[in-house]
Amino acid sequence: MSAHQYDHGHTAAGWVGTGIASVGAAVAGVGVCFVSGVLIAGGLGIGVVALLVTWALHLAGWGKGPGIRPREEWGWRVRDSGARAGHDECLGCRLAGRRRTAADSGRTAEVAVGVPVRGDVGLGGEPEAAAVGADSGR
């Protein structure tokens, strides 16, 4: 049995990105201590590299989209099966041009009265990019 009963989101993209960003923060911190603009800029540059590497790994399937993954994909060494098509509500996937809506994925959302809504129809008949729950808490 697993030590945790829910998806923490540990992924190879997350671990690699965090490691690179930690090095960048350390370099920038040393730059602050020694009042060195070069080290501060270098640390910030390493932070940008961490962002780009994490994004590339996410798009390659080594990250995860928003929400909980299926239990068989909880391990951090498992590639994400839905990465190639893009993730719902994922900024990284939208920036890469991998936009997917609820209609594309076949998912439905519940509105306040419990009626399933599918596709590009929102509350009041207005079109939306994706159907969302009225009580989602966001």
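Closest non-hydrogen pair, H58 versus A13, comes out as N-CB, 4.0 Å. Between L39 and V30, the shortest heavy-atom contact is CD1-CG1, 3.8 Å. Counting all heavy atoms, side chain and backbone alike, L59 lies closest to A96 at CD1-CB, 3.6 Å. Nearest heavy atom pair, residue G17 against residue A50, reads O-CB, 3.7 Å.
Clustering ILVMFWY residues whenever any of their side-chain heavy atoms sit less than 4.5 angstrom apart, transitively, puts L44 in the very cluster that holds V32. Placement of F34 and I46 within a single hydrophobic cluster is found when ILVMFWY residues are connected by side-chain heavy-atom separations under 4.5 Å, directly or transitively. Following chains of ILVMFWY side-chain contacts shorter than 4.5 Å, one cannot reach I40 starting from L51, and the two form parts of different hydrophobic clusters. Using a 4.5 Å cut-off between side-chain heavy atoms of Ile, Leu, Val, Met, Phe, Trp and Tyr, with links allowed through other members, L91 and W55 fall into the same hydrophobic cluster. A chain of hydrophobic side-chain contacts below 4.5 Å, direct or via other Ile, Leu, Val, Met, Phe, Trp or Tyr residues, connects L95 to V48.
Between S22 and T18 the shortest side-chain heavy-atom distance falls below 4.5 Å.
Of the options T11, L57, T54, a side-chain contact (heavy atoms from CB on, under 4.5 Å) to V16 is made by L57 and by none of the others.
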